[in-house]
Amino acid sequence: MSEANWERAVNLMITSIKSDNNMLDFFKRFIPDEDYGYAWSQDPQYKYYVQILERLTNSTGHSGASFAICLREAVQRILSENIIEATDTSD
């Protein structure tokens with residue numbers, strides 16, 4: 001996947017996660033088991049949201065591995081946004 005296609009895939013994943021406040025809140029708190037990660041997690045709530053995200057991001061043509069990596073990257077970027085917002089003292 002080219003760098004431009006990867007960025008589009010990650011941005012679509014971010015937009016999809018942010019389209020539902022419950023899903024967004026879940027992924028802000030979710031820490032996958034270190035032995036299973038995002039690819040193999042069996043958490044029922046996680047699996048529920050993954051089904052939604054698979055439908056919303058279907059156009060990117062992910063394999064199982066690339067979906068998990070893209071999701072991890074999207075969540076990291078979302079969490080980074082929150083850190084920047086929390087530390088912004090420009091008021």
Side-chain angles (χ1 to χ4, degrees):
M1 181 179 285
S2 72
E3 184 68 27
N5 286 342
W6 176 251
E7 283 302 313
R8 279 192 289 277
V10 172
N11 288 330
L12 178 58
M13 187 72 73
I14 291 169
T15 300
S16 298
I17 292 169
K18 288 181 171 183
S19 72
D20 180 310
N21 286 333
N22 292 323
M23 183 168 22
L24 177 60
D25 290 341
F26 173 80
F27 280 110
K28 284 180 178 179
R29 294 185 323 272
F30 180 70
I31 300 171
D33 183 281
E34 67 180 52
D35 293 330
Y36 298 105
Y38 284 91
W40 303 108
S41 178
Q42 296 301 307
D43 179 277
Q45 193 70 29
Y46 172 80
K47 290 174 80 170
Y48 171 77
Y49 286 128
V50 162
Q51 288 180 340
I52 294 169
L53 289 173
E54 285 175 342
R55 189 171 18 90
L56 293 174
T57 64
N58 187 40
S59 65
T60 55
H62 284 294
S63 67
S66 72
F67 180 89
I69 294 167
C70 186
L71 177 56
R72 179 181 296 278
E73 178 68 19
V75 169
Q76 287 177 343
R77 289 185 188 186
I78 289 168
L79 293 174
S80 292
E81 290 172 359
N82 290 334
I83 291 169
I84 291 169
E85 289 172 7
T87 60
D88 185 12
T89 59
S90 60
D91 290 339

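Residue indices begin at 1 and follow the sequence shown.
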Any residue meeting salt bridge (charged side-chain N to carboxylate O under 4.0 Å, His left out) with K18, in chain and number order, not counting sequence neighbours: E81
So, using salt bridge (charged side-chain N to carboxylate O under 4.0 Å, His left out) as the criterion, who are the partners of R77 when residues are at least two apart? E7, E73
For R72 against P32, the heavy-atom pair lying closest together: NH2-CG, 4.4 Å
Give me the atom names and distance for the closest heavy-atom approach of S41 to F30. OG-CZ, 3.5 Å
Connected via hydrophobic side-chain network under 4.5 Å: L12 and I14: no
The ring-ring contact (aromatic ring centres under 6.0 Å, His included) partners of Y36 (sequence neighbours excluded) come to none
Under 3.5 Å side-chain donor-acceptor pair for R55 and N58: no
Gap separating the [atom1] atom of [X] from the [atom2] atom of [Y], nearest 0.5 angstrom:
X   : Y   : atom1 : atom2 : result
C70 : L53 : SG    : CG    : 9.5 Å
E54 : S16 : CD    : OG    : 12.0 Å
F67 : T57 : CZ    : OG1   : 5.0 Å

Flag side-chain contact, heavy atom, 4.5 Å: L71 against Y49: no
Beyond-backbone contact of I78 with F27, side-chain heavy atoms, under 4.5 angstrom: no
Looking at Q42 and W40, would you say the former's side chain and the latter's main chain have a donor-acceptor pair under 3.5 Å? yes
For the side chain of Y46 and the backbone of Y38, is there at least one donor-acceptor N/O pair under 3.5 Å apart? yes
